[in-house]
Protein chains: 2
Amino acid sequence: MTLNTVTEQKIIAAATEVFLQRGKGGARMQEIADKAGINKALLHYYFRSKERLYDEVFRRQISAFFDELFSAALEMENIADFLHTFIHNYLDTVSAHPQVLRFVLWEIEEGGEKMVEILHQKLLERGLPALPIPRLIQRAVNRGELRPVDPVHLMMSVIGMCLYPFIARPIVENLFPGVVVNSPEFLEKRKTEIFNLVWQGIQPQPSPDD
Amino acid sequence: MTLNTVTEQKIIAAATEVFLQRGKGGARMQEIADKAGINKALLHYYFRSKERLYDEVFRRQISAFFDELFSAALEMENIADFLHTFIHNYLDTVSAHPQVLRFVLWEIEEGGEKMVEILHQKLLERGLPALPIPRLIQRAVNRGELRPVDPVHLMMSVIGMCLYPFIARPIVENLFPGVVVNSPEFLEKRKTEIFNLVWQGIQPQPSPDD
DNA sequence: GTCTATACATCGATAGAC
DNA sequence: GTCTATCGATGTATAGAC
């Protein structure tokens, strides 16, 4: 499942590099072979086609990404702790592996089915239910700890806030001189701003008869 | 600046369609020529190369997108009205032209400079200052109408929340059965959830001596 | 398993007739 | 302006020797 021969290992590493630099369509088997120190014929010997080679590279990237993303506990009961941890971990993980975002965006262009499949598999491995995050949010709402927000929309909002600067990095850094998305300063500031906005935004409102 | 001959018009229309369906690299000049009812040679007669043809298509798409986005007044003084209008208009515009997002994401992969250039040009045309939105937010903070948020981060947060479902549409719709990002129900719900979260999240906190 | 050599397809771009 | 025909480069994939 993981790594077979040394050659296979070298191919995967070279292919990952070239796919990231050129994109899926722009990548050339010749360049991958060169970078791996072998020839084109051997690429097709190990992986039947360019499509399968890309598929293998993609699955490894996404899989490692989810592993790191889920390394923080998702089964926290305290919703404040959860949100705080989730936001910090999400930003740290994306920031540490910005290249994964490009694979994800390419995958989305092709329907996103492979990614959803891998996500479900990772949740299963960890014994988590489907949609653990909306479930957590809903329970906090039911306990009256949060105002009645839509759990799915809140989850989308948090993820959208976390991802945006990385997705739009060239535009953001061009539009706001001084911003360096991957700098520790920006990252810490972003964590604080997102958490504060969300946390205050979901507090229960005092009821009229209080 | 806009449209010259009928043939040019047909080429642009066909090219837009093919670029959207296949991507920039995947698009074939032959298919564009076929769809425009002409031959390849004529494509190179009107536009020197595939690169220039793509450039022309991209600029028209982004330009029209910004025009619609800026159709709502950005110079509102009341921050609640502004936020409400901005969120509604942003979601409506993106929802009405989902294809523009794909052009934007491809542009980002190439540095995002063309897009920033067009944005600045559009702001100039309307006599708006650079970064009108952070400027608006900062003034509201200065007047004490909002708690001291970072204007740039707030802007990124709002845009991120608006864009996420459209960027990740295949994943979102696959992960949350029943969600149809482009449906009127989802759109209205999304507007409400974003505005409520943000509005409550940026209210001034009562000071200790109140 | 690893190589060289090449088959086979396709693409962007151009030459040149009309 | 519009066409046909084709060039030259490059791509994936494979055949066959070692």
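Proteins come first, then strands; the chains are lettered A, B, ... in the order of their sequence lines, and each starts at number 1.
Ring centroids of B:Tyr164 and A:His153 are separated by 6.0 Å or more, keeping the two rings apart.
The CG-C1' distance, from A:Leu43 to D:dG11, rounds to 13 Å in whole Å. Atom CD1 in A:Ile38 sits about 12 Å away from atom P in C:dT4, given to the nearest Å. Summarising the geometry, the separation between CD on B:Glu8 and P on D:dG1 is reported as 9 Å, rounded to the nearest angstrom. Computed from coordinates, the B:Ile32 CD1 to C:dG12 C1' distance equals 11 Å when rounded to whole Å. Taking atom OH of residue B:Tyr54 and atom P of nucleotide C:dA13, one finds them 15 Å apart after rounding to whole Å. Rounded to a whole Å, the CG atom of B:Asp34 is 11 Å from the P atom of D:dT4.
OP1 or OP2 of D:dT2 sits under 4.0 Å from a side-chain N or O of B:Thr7. For B:Asn39 and D:dT2, the shortest distance from a side-chain N or O to OP1 or OP2 is not below 4.0 Å.
Residues A:Glu51 and A:Lys24 are paired through a salt bridge, judged by an N-O separation under 4.0 Å between the basic side chain and the carboxylate. Between A:Glu193 and A:Lys189, at least one side-chain N (NZ, or NE/NH1/NH2) sits under 4.0 Å from a carboxylate O, which counts as a salt bridge.
A cation-pi arrangement is absent between A:Lys122 and A:Phe70 under the rule of less than 6.0 angstrom and at most 45 degrees off the ring axis.
Residue B:Asn142 forms a side-chain hydrogen bond (donor to acceptor under 3.5 Å, both in side chains) with just one option from B:Gln138, B:Arg139, B:Glu145, and that option is B:Gln138.
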If the sugar-phosphate is the primed atoms plus P, OP1 and OP2 and the base is the rest, what is the B/S/- string for nucleotides 12-18 of chain D, using protein heavy atoms under 4.0 Å?
BBBB---
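With sequence neighbours left out, B:His88 forms a ring pair (Phe, Tyr, Trp, His ring centres under 6.0 Å) with B:His84.
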